[in-house]
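What follows is a short report on a single structure.
These numbers come from a predicted model, not from an experiment. Atoms within each ligand, like the ligands themselves, are counted from 1 in listed order.
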Amino acid sequence: MSSLKIYNTFSRKIETFKPIHEKSKEVGVYSCGPTVYWYQHIGNLRTYIFSDVLKRVLIYDGYKVKHVINVTDVGHLTSDADEGEDKMERAAKKEGKTAGEIADFYLRVFKEDFEKLNILNPNFWPKASEHIKEQIEVIKVLEKKGFTYKTNDGIYFDTSKDKKYGKLAKLNKELIIAGKRVGVGEKKNKTDFALWKFSGDTENGGKRLQEWDSPWGVGFPGWHVECSAMSIKYLGDNFDIHTGGIDHVQIHHTNEIAQSENSTGKKFVNYWMHAGWLLSEGKKISKSSGGLFTVSQLEEKGYNPLAFRYLCLTTHYKKPLDFSLKNLDSSQTAYKRLKNIISELKDDRVENKTYLKDFEKAINDDLNMPEALQVLWKLVRDEKVKGKVKTIKKMDEVFGLKLLEKDGVKIPSEIKKLVDEREKSRKEKNWKLSDELRDKIKKLGFSVDDTDKGSVVKKL
Ligand code: AMP
Ligand code: ZN
């Protein structure tokens, strides 16, 4: 098999992947996880589809992946620059719930989205609020080594003390040097960041919902330190691959490196991989600015979440992907057509080595999924070739598109008739009859939802 090549943001080069544990073939992967104060939109999910594909390729290549996705449930402020309110605190106050309730609710929805998008679960889902002790330990070591200082609102990392600071993002040293920039406040350098914030600092002066004792006083950890503490705890001081959205290069991952390498004295991560942005009509969208759909919203519009997964695979993970319902429509049509063709195929129990070789070449070429999809299409259209089903099954271990799964259950003709009658009654605006028909359908064990694309029937 061709060896795996991946783009390493750190070197800005495509590199041949060499695992730390060559013998055991165990590979550690850490993916920056969601801040669970609100629904994750499909932009966030594109990033997790990317890490899922990476993981599936590693597994395909024979590696045993130890995967961690952290859950940020404290300390992520409304601005990445240590200012503003804690996103969790704000959501809890707004919804009249505890921070724990907010985290549990949005994490549950996030996990449901993983299932809908056929994203494999990580081995660990560590929560920041459950790893305060580990975070304090990292800060204590940094303090002992002279990398920290105190301001009136917290303990900060002094980036001018770190000779290698900003290498990942290729930051200009000028920006780091004290006094060169305005707006640093009490911070010594513009790039310095909070490791621990004192509780008294809430924007509206009220008491915080989540706060802990520490050697520096009651407060909470800065956002970046959770990823250093938890990745080291679960994967070791030096591990193989760290992933995230491209927006994390400049601040979050830069700061993770500074904290981790200066506390352990070792190289933190061997390969940094970042997913490109999901755009909406050419514009950048983030969760805080709103605007992108959730997976459930797509379902309500009559889309199969796996059609979104298919759409993500049509563009290389590093490139921006322009999302629109029109694009999703095309993906859904292609995906359906693909599944229809596959459902007609007969299982002949052999694998086609030639197609698999092309497929492996594509996936090992920095996860070139558009190319891998082309190989798949060529295979399904090839009239002469043998072993299609088994080959597709093998490929789908990486695509994760459930290509051989029959779509849903068969809807009995009796139900279909009732659904048609109901559609007719709805067109005639006979709501009473349409409700009666829905009840009847329900009694027979099926549900019917009205979407923009017509009725969707499911088995209850
Ligand atoms: P958050 O919950 O805001 O911390 O974001 C979770 C992940 O989604 C991070 O890795 C972000 O980089 C990523 N992300 C956020 N918005 C987008 C987007 N529009 N496209 C791709 N990735 C995104
Ligand atoms: Zn992180």
Side-chain angles (χ1 to χ4, degrees), residues 9 29-52 54 68-80 86-88 90-91 102-103 106-107 109-110 113-114 117 119 122 124-128 131 135 138 168 193 221-235 239 241-260 268-269 272-295 308 311-312 315-324:
T9 309
V29 180
Y30 185 92
S31 304
C32 283
T35 310
V36 283
Y37 70 104
W38 188 241
Y39 300 100
Q40 291 278 303
H41 57 58
I42 52 172
N44 303 121
L45 286 156
R46 180 195 185 195
T47 295
Y48 300 106
I49 290 175
F50 144 69
S51 50
D52 186 54
L54 166 69
V68 181
I69 300 183
N70 67 301
V71 178
T72 302
D73 59 352
V74 65
H76 197 169
L77 304 188
T78 44
S79 141
D80 279 354
D86 185 321
K87 293 180 182 185
M88 292 299 299
R90 191 166 69 170
I102 294 285
Y106 292 111
L107 181 58
V109 178
F110 184 61
D113 289 348
F114 261 42
L117 292 165
I119 298 175
F124 303 98
W125 286 108
K127 279 187 178 162
H131 293 77
Q135 298 179 68
V138 172
L168 175 73
F193 56 92
W223 171 40
H224 316 295
V225 72
E226 71 175 84
C227 285
S228 288
M230 299 196 289
S231 59
I232 289 171
K233 173 169 178 177
Y234 292 94
L235 300 174
F239 61 92
I241 307 176
H242 194 313
T243 75
I246 189 77
D247 58 318
H248 284 341
V249 175
Q250 188 92 6
I251 299 177
H252 184 51
H253 289 166
T254 290
N255 294 347
E256 274 189 43
I257 294 175
Q259 295 163 154
S260 306
F268 178 39
V269 166
W272 286 92
M273 294 180 78
H274 295 95
W277 217 245
L278 187 78
L279 306 169
S280 177
E281 276 142 34
K283 282 198 292 284
K284 228 178 128 168
I285 0 171
S286 66
K287 194 159 50 176
S288 25
S289 67
L292 266 190
F293 297 108
T294 62
V295 173
F308 175 67
L311 173 66
C312 290
T315 301
H316 191 269
Y317 76 86
K318 272 206 312 284
K319 289 193 182 139
L321 169 56
D322 204 3
F323 178 83
S324 66

Where ligand 1 meets Gln40 - atom numbers and elements under 4.0 angstrom, heavy-atom basis
2 (O), 6 (C)
Answer yes or no for Ser31: is there a heavy-atom contact with ligand 1 below 4.0 Å?
no
Under 3.5 Å: N/O of Tyr48 near N/O of ligand 1
no
Quick one: does Pro34 get within less than 4.0 Å of ligand 1, heavy atoms only?
yes
Report the distance from atom CD1 of Ile257 to atom CH2 of Trp272, rounding to the nearest 0.5 Å.
4.5 Å
Can you list the ligand 1 atoms lying under 4.0 Å from a non-hydrogen atom of Gly43?
17 (C), 18 (C), 19 (N), 20 (N), 21 (C), 22 (N), 23 (C)
Numbered atoms and elements of ligand 1 in range of His41, under 4.0 angstrom, heavy atoms:
16 (N), 17 (C), 19 (N)
Give the atom numbers and elements of ligand 1 that come within less than 4.0 Å of a heavy atom of Gly276.
21 (C)
Thr47 to ligand 1: N or O pair under 3.5 Å?
yes
Distance flag, aromatic centroids of His41 and Phe323, threshold under 6.0 Å:
no
Three-point angle Cys227:SG, the Zn ion (ligand 2), Cys32:SG, rounded to the nearest 10°
130°
Atoms of ligand 1 under 4.0 Å from any heavy atom of Asp247, numbered from 1 in the order shown, are 11 (C), 12 (O)
Distance, nearest 0.5 Å, that separates CE of Met273 from NZ of Lys318
7.5 Å
With a cut-off of 4.0 Å, which atoms of ligand 1 are near a heavy atom of Gly245?
10 (O), 12 (O)
Could you check Val295 against Phe308 for side-chain contact (heavy atoms from CB on, under 4.5 Å), going step by step and ending with a plain yes or no?
CA-CA 9 Å; Val295 173; Phe308 175 67; 5.7 Å; no
His253 N/O/S atom closer than 2.8 Å to the Zn ion (ligand 2)
no
With a 4.0 Å heavy-atom cut-off (strictly under), which part of Asn44 contacts ligand 1: side chain, backbone, both or neither?
both
With Thr315 via side-chain contact (heavy atoms from CB on, under 4.5 Å) - residues at least two apart
Arg46, Lys319, Leu321
Report the C-alpha distance between Tyr106 and Phe110 in whole Å, list the side-chain angles of each, state the deciding distance to 0.1 Å, and finish with yes or no for ring pair (Phe, Tyr, Trp, His ring centres under 6.0 Å).
CA-CA 6 Å; Tyr106 292 111; Phe110 184 61; over 10 Å; no
Is there any N or O on Gly244 that sits under 3.5 Å from an N or O of ligand 1?
no
Polar proximity ligand 1 side, Leu278 side, N/O cut 3.5 Å exclusive:
yes
Exercise: do Glu226 and Asn70 side chains pair donor with acceptor under 3.5 Å
yes
Going by distance only, is there an N or O of Leu292 that falls short of 3.5 Å from an N or O of ligand 1?
no
If you round to the nearest 0.5 Å, how far is SG of Cys312 from CG of Leu45?
8.5 Å
Of all the heavy atoms in Arg46, does at least one lie under 4.0 Å from an atom in ligand 1?
no
Parallel, tilted or perpendicular: which one describes the rings of Phe114 and Tyr48, with boundaries at 30° and 60°?
tilted
So His253 and His248, would you call those rings parallel, tilted or perpendicular, with 30° and 60° as cut-offs?
perpendicular
For Glu256, what is the atom name of its N, O or S atom nearest to the Zn ion (ligand 2)?
OE2
Tell me, with the steps shown, if Asp73 and Met88 meet side-chain contact (heavy atoms from CB on, under 4.5 Å).
CA-CA 6 Å; Asp73 59 352; Met88 292 299 299; 4.3 Å; yes
